[in-house]
> 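I'd like to ask some things about the structure below.
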Amino acid sequence: MLEASSQNSVTPPVKLRLAIQKSGRLHDDSIRLLKECGIDISNGVNKLKADASNFPIEVYFLRDDDIPQYVEDAVADIGFVGENVVFEKNKKLIVGEKLGFGKCRLCIAIRKGEDYTGAGFLANKRIATSYPVLVRQFLNKNNINAEIHEISGSVEIAPGIGLADSICDLVSSGSTLFMNGLKEVETILESQAVLIQNENLSEAKKQLLSRLLFRIQAVKKAKNNKYILLNAPNDNLEKIISLLPGMKSPTVLPLAEPGWSSVHSVLNENEFWDIIEQLKEAGAQGILVIPIEKMIV
Ligand code: ATP
Ligand code: ZN
């Protein structure tokens, strides 16, 4: 029989504490990535934190700007947050895996009618931004002296109301700039969501993180690849196989119809259309392209 004192010393199971954005542009994609990793937190998105039912992880919902600080302070072990925020905040933490969502660029924009002559154009101008650290770095790198006006939102209206001559803000399509009579002239950072990590994780937490990373990488690989099935005339089989990279070599099965085979392989998104065209030229028919859910190599 267990004595009371030894019962008290039982330690709770280790959980990885993950901080994600509470609401906003990164929220849905963060939840989706977890789901694709088989981690279900559907019961708690309206609270401050939620437990996953099927992985030792606890998810905290926070403002994205606060996530680097919480991870540095070990209030959370890891976080999903934009590189723009990570580099602006410049906290002591480990910046890891890129997550493939939240893509945008941090750009300098000026009034549409003005002639941009290079970074020197910004000398002695007033630049409105929510990213003073990154803008200062850009100006210093180019040896330019300019005045930075830090504002926390609606940066794109600053030139219109006479608060600044130019702005530095996040852009994805550019339509907000256009509507405010501005044009993009410099990209100072290409950004996407990344996984950040506290510098002093325990061994047990590092092990949980490597399990999570293994899943994230499998999801990312699957997104970049397609499964392809096609029918190949046996006379051209060698040529068709030589066009397919595959994970090892393609699978080739005889078809019921004599003289034809079925070929299965995996193609990377980047080379996809080129290879499909060459396959057709080589006589491939009935080409089927199927999304892959997870890819473990
Ligand atoms: P919070 O309340 O969490 O502080 P927020 O208003 O700062 O929210 P969002 O507008 O939701 O934040 O943007 C969060 C992140 O989404 C940005 O920091 C950036 O990494 C990414 N992002 C992707 N595309 C864009 C875009 N076009 N404009 C702004 N942010 C973008
Ligand atoms: Zn924010």
Side-chain angles (χ1 to χ4, degrees), residues 17-36 41 44-50 58-73 75-76 78-91 93-110 112 127-138 148-160 164 166-197 216 220 223:
R17 296 160 307 164
L18 162 68
I20 66 170
Q21 194 188 22
K22 183 173 173 58
S23 65
R25 287 182 152 100
L26 301 179
H27 176 83
D28 289 354
D29 285 330
S30 301
I31 300 279
R32 185 174 309 123
L33 176 60
L34 290 173
K35 198 160 189 242
E36 287 166 344
I41 51 148
V45 271
N46 293 321
K47 300 189 213 141
L48 176 63
K49 58 181 186 173
E58 194 172 20
V59 180
Y60 292 14
F61 304 104
L62 301 168
R63 283 200 59 206
D64 67 340
D65 314 66
D66 298 334
I67 292 176
Q69 184 72 59
Y70 279 115
V71 170
E72 182 186 276
D73 295 345
V75 175
I78 60 171
F80 294 168
V81 66
E83 290 171 295
N84 52 307
V85 170
V86 177
F87 299 141
E88 176 68 23
K89 302 285 175 190
N90 210 5
K91 300 290 173 195
L93 39 80
I94 298 169
V95 183
E97 190 81 15
K98 290 185 194 279
L99 300 174
F101 61 84
K103 289 187 180 170
C104 57
R105 44 195 198 279
L106 186 60
C107 291
I108 294 191
I110 62 171
K112 233 181 281 174
I127 308 173
T129 188
S130 311
Y131 294 88
V133 172
L134 293 173
V135 174
R136 183 59 67 204
Q137 272 171 15
F138 171 81
I148 296 175
H149 275 259
E150 184 177 351
I151 48 180
S152 59
S154 303
V155 172
E156 65 283 353
I157 65 167
S166 59
I167 65 161
C168 182
D169 202 9
L170 294 174
V171 179
S172 44
S173 72
S175 57
T176 311
L177 291 182
F178 185 80
M179 285 187 308
N180 284 282
L182 301 173
K183 65 175 179 188
E184 210 177 308
V185 290
E186 295 275 359
T187 296
I188 72 172
L189 178 75
E190 301 265 5
S191 178
Q192 63 174 288
V194 284
L195 190 150
I196 54 171
Q197 172 190 339
I216 290 176
K220 276 175 62 187
K223 280 201 180 126

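Order of appearance sets the numbers: ligands from 1, and atoms from 1 within every ligand. Numbering of residues begins at 1 and proceeds along the displayed sequence.
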> Between Ile151 and Ala158, what is the shortest heavy-atom contact and its length?
CD1-CB, 4.2 Å
> Is Thr129 reaching over with its side chain to a backbone N or O of Ile167, donor-acceptor style, under 3.5 angstrom?
no
> Return all side-chain donor-acceptor pairs below 3.5 angstrom for residues 62-71, not counting sequence neighbours, or 'none' if the list is empty.
unit_1 : atom_1 : unit_2 : atom_2 : d
Arg63  : NH2    : Asp65  : OD1    : 3.1
Gln69  : OE1    : Lys91  : NZ     : 2.8
Gln69  : NE2    : Asp73  : OD1    : 3.2
Gln69  : NE2    : Asp73  : OD2    : 3.1

> Which pairs would a plain distance check flag for residues 95-103, meaning a side-chain donor or acceptor within less than 3.5 Å of a matching protein atom at least two apart in sequence or in another chain?
unit_1 : atom_1 : unit_2 : atom_2 : d
Glu97  : OE1    : Gln217 : NE2    : 3.0
Glu97  : OE2    : Lys220 : NZ     : 2.8
Lys98  : NZ     : Glu83  : OE2    : 2.8

> Are the side chains of Tyr131 and Asn84 in contact, using a 4.5 Å heavy-atom criterion?
yes
> Test: salt bridge (Lys or Arg N to Asp or Glu O under 4.0 Å). Region: residues 177-191. Which pairs qualify, not counting sequence neighbours?
Arg105-Glu184
> Considering just N/O/S atoms, say which atom of Asp64 is closest to the Zn ion (ligand 2).
OD1
> Taking all non-hydrogen atoms of both residues, which atom of Leu170 and which atom of Cys104 are closest, and how far apart?
CD2-SG, 3.8 Å
> What are the atom names and distances for all N or O pairs under 3.5 Å between ligand 1 and the protein?
unit_1   : atom_1 : unit_2 : atom_2 : d
ligand 1 : 3 (O)  : Gln21  : NE2    : 2.8
ligand 1 : 3 (O)  : Asp64  : N      : 3.0
ligand 1 : 3 (O)  : Asp64  : OD1    : 3.2
ligand 1 : 4 (O)  : Arg63  : NE     : 3.0
ligand 1 : 4 (O)  : Arg63  : NH2    : 2.9
ligand 1 : 4 (O)  : Asp64  : OD1    : 2.8
ligand 1 : 4 (O)  : Asp65  : OD1    : 2.7
ligand 1 : 7 (O)  : Asp64  : OD1    : 3.3
ligand 1 : 8 (O)  : Gln21  : NE2    : 3.0
ligand 1 : 10 (O) : Arg25  : NH1    : 3.2
ligand 1 : 11 (O) : Gln21  : NE2    : 3.1
ligand 1 : 11 (O) : Arg25  : N      : 2.7
ligand 1 : 12 (O) : Gln21  : NE2    : 3.4
ligand 1 : 18 (O) : Asp64  : OD2    : 3.3
ligand 1 : 18 (O) : Asn84  : ND2    : 2.9
ligand 1 : 20 (O) : Asn84  : OD1    : 2.7
ligand 1 : 27 (N) : Ser172 : OG     : 2.7
ligand 1 : 28 (N) : Arg25  : NH1    : 3.4

> Could you pull out the atom name of the N/O/S atom in Asp65 that is nearest the Zn ion (ligand 2)?
OD1
